[in-house]
K.L.:
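Pasting a structure below so you can have a look.
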2 protein chains.
Amino acid sequence: MEKRREEAERCECMHVHEDMIKEVHAHMPDEEQLADLADFFRVFGDTTRIRILYVLMCSEVCVCDIANLLGMTQSAISHQLRVLKQMDLVKNRREGKTIFYSLADGHIKSILSQGLEHINE
Amino acid sequence: MEKRREEAERCECMHVHEDMIKEVHAHMPDEEQLADLADFFRVFGDTTRIRILYVLMCSEVCVCDIANLLGMTQSAISHQLRVLKQMDLVKNRREGKTIFYSLADGHIKSILSQGLEHINE
DNA sequence: ATAACATATGAACAAATATTCATATGAAAA
DNA sequence: TTTTCATATGAATATTTGTTCATATGTTAT
């Protein structure tokens with residue numbers, strides 16, 4: 001029976017109160033904000049990007065210096081810098097042939113620190 | 001020529017000072033910490049997990065209530081709760097057949113808030 | 001014991017992602 | 001103008017990831 005099949009995946013328990021359901025929905029960010037939040041944190045979810053951010057914490061650096069510092073190809077770094085730029089975590093500035101990248105936002109450092117705090121218990 | 005090929009990907013510029021290179025490496029977390037950091041933030045990089053965390057901010061809830069609240073299958077929620085648990089973001093407690101989940105850590109809320117702050121500029 | 005229910009989990013699949021390779025762009029130097 | 005160099009980008013590929021489906025585990029009630 002179809003009905004049984006549908007219900008197979010749903011459990012019927014309901015420990016939660018009516019007003020709690022309302023509270024949850026009241027505090028839940030809307031779909032767009034949720035997506036933006038996830039996108040934002042996903043950027044920090046890659047060691048290459050985190051390394052780049054740590055480099056930029058020290059100083060403004062050009063793409064190829066980052067590549068050399070991290071021992072990776074220019075292309076890989078460039079692709080990741082684009083991701084970081086799209087998320088407004090870094091900004092850049094041209095000087096002749098060279099393009100210098102720097103942190104766009106002061107509290108990037110504090111977000112990474114909080115992450116470190118957590119993983120070090 | 002092999003040499004040309006190798007160098008094709010590496011640029012030779014070096015705007016960076018010697019002591020800067022040292023400073024970068026001094027401040028850079030080691031490989032293990034980088035991986036842990038990335039793992040930690042990647043957990044926040046999915047809307048389902050973020051939604052679960054927002055639910056748990058309101059109260060301790062059982063798996064199937066979360067599933068019902070979010071309109072998702074029990075299995076999907078269970079898989080994600082495992083991820084959250086592995087990362088020590090949630091804890092659980094058994095009461096008969098039911099297993100109640102709750103936030104493991106107070107500063108999860110503050111991390112999400114910082115994320116929201118950033119995306120709202 | 002057996003049935004019923006809440007949760008967990010392994011396998012399979014589709015979608016997203018990071019890197020590489022080859023090449024394009026854009027600026028300075030020759 | 002042509003070459004050179006720093007950077008960007010599109011396509012291809014391998015890996016990771018989220019969900020589903022089917023089923024296992026573990027607890028309570030019958």
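Lettering of chains follows the sequences in order, A, B, ..., and the numbering in each one begins at 1.
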K.L.:
Fit a plane to each ring of A:F41 and A:F44, take the angle between them on a 0 to 90° scale, and name the class: parallel (under 30°), tilted (30 to 60°) or perpendicular (over 60°).
P.N.:
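Tilted, since the angle between the ring planes falls between 30° and 60°.
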
K.L.:
For the pair made of CD1 in B:I77 and P in D:dT20, what is the distance, rounded to whole Å?
P.N.:
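Value for this atom pair: 9 Å.
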
K.L.:
So does A:Y101 get a side-chain nitrogen or oxygen closer than 4.0 Å to the phosphate oxygens (OP1/OP2) of D:dA6?
P.N.:
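For D:dA6, OP1/OP2 do not have a side-chain N/O of A:Y101 under 4.0 Å.
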
K.L.:
Decide side chain to side chain donor-acceptor pair (under 3.5 Å) for B:D105 and B:H107; before the verdict, give the C-alpha distance in whole Å, the side-chain angles of both, and the deciding distance to 0.1 Å.
P.N.:
CA-CA 6 Å; B:D105 192 314; B:H107 64 263; 2.9 Å; yes

K.L.:
Decide, applying a 5.5 Å centre-distance limit and a 30° plane-angle limit (both strict), whether A:H79 stacks on D:dT9.
P.N.:
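It does: the ring sits over the base of D:dT9.
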
K.L.:
Please tell me if B:R42 has a side-chain N or O lying less than 4.0 Å from either OP1 or OP2 of D:dT17.
P.N.:
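Checking B:R42 against D:dT17: at least one side-chain N or O falls below 4.0 Å of OP1 or OP2.
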
K.L.:
Ignoring backbone atoms, test whether B:R94 places a side-chain nitrogen or oxygen under 4.0 Å from the OP1 or OP2 oxygen of D:dG26.
P.N.:
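The answer is no; no side-chain N or O of B:R94 sits under 4.0 Å from OP1 or OP2.
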
K.L.:
I'd like to know if B:Q74 reaches the base of C:dA8 with its side chain, counting only an N/O donor and acceptor under 3.5 Å.
P.N.:
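Under the 3.5 Å cut-off, the side chain and the base do form a donor-acceptor pair.
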
K.L.:
Atom CD1 of B:I99 and atom C1' of C:dA8: how far apart are they, to the nearest Å?
P.N.:
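Between C1' of C:dA8 and CD1 of B:I99: 8 Å.
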
K.L.:
Mark yes or no for whether A:R94, through its side chain, and A:I99, through its backbone, hold a donor-acceptor pair below 3.5 Å.
P.N.:
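It does not hold such a pair.
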
K.L.:
Could you tell me how far apart B:D39 (CG) and C:dA18 (P) are, to the nearest whole angstrom?
P.N.:
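To the nearest whole Å, that distance equals 13 Å.
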
K.L.:
Would you tell me if any nitrogen or oxygen in the side chain of A:S78 comes within less than 4.0 Å of OP1 or OP2 on D:dT7?
P.N.:
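The answer is no; no side-chain N or O of A:S78 sits under 4.0 Å from OP1 or OP2.
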
K.L.:
Taking the side chain of B:A76 as its heavy atoms from C-beta onward, which of C:dA18, D:dT20, D:dC5 lies nearest to it?
P.N.:
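Ranking C:dA18, D:dT20, D:dC5 by closest atom to the B:A76 side chain puts D:dT20 first.
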
K.L.:
Does B:L116 offer a backbone N or O that forms a donor-acceptor pair with the side chain of B:N120 under 3.5 Å?
P.N.:
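Yes: the side chain of B:N120 pairs with the backbone of B:L116.
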
K.L.:
State which of D:dA8, C:dC5, C:dT7 makes the closest approach to the side chain of B:T98.
P.N.:
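From the listed options, C:dT7 comes nearest.
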
K.L.:
Is B:S75 side chain donor-acceptor paired with the D:dC21 base, going by distance under 3.5 Å alone?
P.N.:
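Yes.
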
K.L.:
Before accepting this row, confirm whether a basic side-chain N of the pair B:K91/B:E60 lies closer than 4.0 Å to the acidic partner's carboxylate O.
P.N.:
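Here B:K91 does not pair with B:E60 in a salt bridge, since their nearest N and O are not under 4.0 Å apart.
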
K.L.:
Could you check how far CZ of B:R82 sits from C1' of D:dA24, rounded to whole Å?
P.N.:
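Checked: the CZ to C1' distance equals 14 Å.
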
K.L.:
Report the nucleotide, chosen from D:dA8, C:dA27, C:dG10, that has the shortest atom-to-atom distance to any side-chain atom of A:N92.
P.N.:
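Nearest to the side chain of A:N92 among the choices is D:dA8.
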
K.L.:
Rounded off to whole Å, could you give me the CZ-to-P distance for the B:F100 and C:dT7 pair?
P.N.:
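Going from CZ in B:F100 over to P in C:dT7 covers 8 Å.
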
K.L.:
Select one nucleotide: of C:dT7, C:dA18, C:dT19, the one nearest the side-chain heavy atoms of A:T48.
P.N.:
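My answer, after comparing the listed nucleotides, is C:dT19.
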
K.L.:
What nucleotide among D:dA8, C:dA18, D:dG18 has an atom nearest to a side-chain atom of A:R49?
P.N.:
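In terms of side-chain proximity for A:R49, the closest of D:dA8, C:dA18, D:dG18 is C:dA18.
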
K.L.:
Side chain of B:Q80: nearest nucleotide among D:dC5, D:dT19, D:dT7?
P.N.:
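Of all the options, the side chain of B:Q80 is nearest to D:dT19.
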
K.L.:
Judged by each residue's nearest nucleotide on DNA chain C, which is more toward the 5′ side, B:C62 or A:E95?
P.N.:
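Between the two, 5'-proximity favours B:C62.
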
K.L.:
Which whole-number value in Å describes the distance from A:F44 CZ to C:dA18 C1'?
P.N.:
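Rounded to the whole Å, the gap is 18 Å.
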
K.L.:
Which is more 5' along DNA chain C, the nucleotide nearest A:G96 or the one nearest B:L81? Just name the residue.
P.N.:
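The residue mapped nearer the 5' terminus is B:L81.
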
K.L.:
Nearest whole angstrom, please: distance from the C1' of D:dC5 to the CG of A:N68.
P.N.:
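Rounded to whole Å, this separation is 14 Å.
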
K.L.:
In whole Å, what is the span from the CG atom of B:L84 to the P atom of D:dG18?
P.N.:
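The distance from CG of B:L84 to P of D:dG18 comes to 10 Å, rounded to the nearest Å.
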
K.L.:
Does the ring center of A:Y54 lie less than 6.0 Å from the ring center of B:H27?
P.N.:
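Ring-ring flag for A:Y54/B:H27: false, centres at least 6.0 Å apart.
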
